[in-house]
Number of protein chains: 2
Amino acid sequence: MPRVSDEHLAARRRQILDAARRCFLRDGFHNTSMQDVIAEAGLSVGAVYRYFPSKNDLITAIAQSVIGGAETVFAELAAADPPLPLAETLDRALAYVDAQTGPDGILRLAIQVWSEAQRDPALAEFVAATYAGFRKHFVAIARRARDAGELPPDADPEAVGAALFGLVPGYFMQRILTGSPDRASYLAGVRALVRRAG
Amino acid sequence: MPRVSDEHLAARRRQILDAARRCFLRDGFHNTSMQDVIAEAGLSVGAVYRYFPSKNDLITAIAQSVIGGAETVFAELAAADPPLPLAETLDRALAYVDAQTGPDGILRLAIQVWSEAQRDPALAEFVAATYAGFRKHFVAIARRARDAGELPPDADPEAVGAALFGLVPGYFMQRILTGSPDRASYLAGVRALVRRAG
DNA sequence: GAGTCAAGAACGAACGTTCGCTTTACACTG
DNA sequence: CAGTGTAAAGCGAACGTTCGTTCTTGACTC
């Protein structure tokens, strides 16, 4: 199909990326061969290489979509009007984790992306920038919580935001590696730690 | 060297494991070839294969030592007599993270191990059991903190332990992926969140 | 001198990638 | 509208490389 529409090109690209994501979820980045992806996509070698010049480009594209996937979730939490209580905000963030930690959840790929980022400087920079952006959203959440009287007036939003944000991967990691605790229990633990429990 | 002493065998094994750890830190599990490890150890192919029948056995051995490395640290924190304040306990746990997150720190390998565990059921089981054990230590810490009046009497130690434990990988992940925040700042954030700040 | 074990050349499989060919949809000519 | 040219898309055999592993050899210890 020469001289083909832009929609067709985008669809093909998506078709390859979807196939790659399935393969990577199943076998991991390095145990997936290009031939696996090509077979999964139902295309030919040349076709795939037309859209992605190397396996690394394919990995990078998937990695960026995986890491960036939470951006809108956190951004909306930070912009909620009126501001949500801290516990409610955290609950919603963890709900996203729950949703994306299932068998087909893209967060299962996140760990591989972190691993890859340790060896790919360009990817490392992207991950660092993206996660720093996430943390900024949590800093905003902390600032608004302080202004709403939910935190001591002298609390540093930068510091609280980092701690708050840390609770999210802390939950994710436990869930994906040990299978527990459930979200309600984790949240109850956070609540017991947080001052407003008193 | 036939009919060799047990110490010699153990030393050889350690020599290979040390070489493997250096290689894995430098290049990652999958970008390290057996020949890399063999050259780093200064041995021959046959020698290494005598001690580790496959590359996977080598990876598993390294992975177990990396994941298990924190066991004594957390166990001691949980057994401290008299119990340490929560903030002090967390500070020491994070200090361990700091120490092992440097260029030669073994925690740099942890992310790769998590990644590997998603594809190796035996390793996954080991990781799950080890991390569940870590969490148990934090549950003990939470119980003792509650008994000491540092937490509300009705706080559930299981839940609080999970939240407390979650703060550790939450810090680790931010440090290793974004380079910030520093430990003091993270701890200040946690303190501002935690009731005793008031 | 017999047995053991490190050494490293050699092996077969699998990898990512290249390249020349075929197919096909559109643009242009008359 | 029919016929033709063209450029892009798709294809897949084949390449060179690298991998994890095996196997033969020879040196050394007891």
Side-chain angles (χ1 to χ4, degrees), chain A residues 1-63 112 115-116 119-120 122-123, chain B residues 1-63 112 115-116 119-120 122-123:
Chain A
M1 283 169 255
R3 186 113 316 154
V4 101
S5 67
D6 282 359
E7 296 89 52
H8 175 95
L9 292 177
R12 268 280 194 270
R13 205 184 139 87
R14 199 159 38 242
Q15 172 185 0
I16 294 169
L17 285 173
D18 286 348
R21 187 166 47 240
R22 284 193 298 272
C23 289
F24 291 158
L25 263 171
R26 194 195 316 124
D27 301 321
F29 290 153
H30 294 289
N31 292 333
T32 295
S33 67
M34 283 302 275
Q35 275 129 32
D36 290 340
V37 174
I38 287 155
E40 180 81 25
L43 293 173
S44 71
V45 184
V48 169
Y49 270 88
R50 180 172 295 280
Y51 290 85
F52 295 93
S54 78
K55 186 183 183 182
N56 212 55
D57 289 276
L58 202 45
I59 290 178
T60 300
I62 292 285
Q112 292 185 59
S115 197
E116 200 65 21
R119 218 134 292 99
D120 178 338
L123 188 54
Chain B
M1 283 168 251
R3 187 110 316 158
V4 101
S5 70
D6 282 359
E7 296 87 52
H8 178 248
L9 292 178
R12 267 279 195 272
R13 202 185 141 87
R14 200 161 35 243
Q15 173 184 1
I16 295 168
L17 284 173
D18 286 348
R21 187 167 45 241
R22 283 193 298 273
C23 289
F24 291 158
L25 262 172
R26 194 196 315 124
D27 301 321
F29 290 151
H30 293 290
N31 291 334
T32 295
S33 68
M34 285 301 277
Q35 274 130 31
D36 290 340
V37 175
I38 287 155
E40 180 82 25
L43 293 173
S44 70
V45 185
V48 169
Y49 270 89
R50 179 168 298 280
Y51 290 86
F52 295 93
S54 78
K55 186 182 184 182
N56 211 55
D57 289 276
L58 202 45
I59 291 178
T60 300
I62 292 285
Q112 292 186 59
S115 196
E116 200 65 19
R119 217 135 296 97
D120 178 338
L123 188 56

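What you are looking at is a predicted structure, and each value in this text was computed from that prediction instead of being measured. Numbers restart at 1 for each chain; the letters A, B, ... are given by sequence-line order, proteins then strands.
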Provide, to the nearest angstrom, the distance between the [atom1] atom belonging to [X] and the [atom2] atom belonging to [N].
X	N	atom1	atom2	value
N56(A)	dC15(C)	CG	P	17 Å
L58(A)	dG16(C)	CG	C1'	12 Å
F52(A)	dT18(C)	CZ	C1'	19 Å

(request) Could you tell me the separation between the CG atom of D120(B) and the CD1 atom of I59(B), rounded to the nearest 0.5 Å? (result) 9.0 Å

(request) Starting at CG of L17(A), measure out to CZ of F52(A) and round the result to the nearest 0.5 Å. (result) 4.0 Å

(request) Can you sort out which residues in residues 26-45 of chain A have a heavy atom within less than 4.0 Å of DNA chain D? Ascending by number, please. (result) L43(A), S44(A), V45(A)

Determine: side-chain N/O of [X] to OP1/OP2 of [N], distance under 4.0 Å, yes or no.
X	N	value
R50(A)	dA8(D)	no
R12(B)	dC5(C)	no
Y49(A)	dC19(C)	no

Where the side chain of [X] meets the backbone of [Y], is there a donor-acceptor pair that is under 3.5 Å apart?
X	Y	value
Q112(B)	F29(B)	yes
K55(A)	S33(A)	no
T32(A)	C23(A)	yes

(message) Does either side chain, that of D57(B) or that of S54(B), offer a donor lying less than 3.5 Å from an acceptor on the other one?
(response) yes

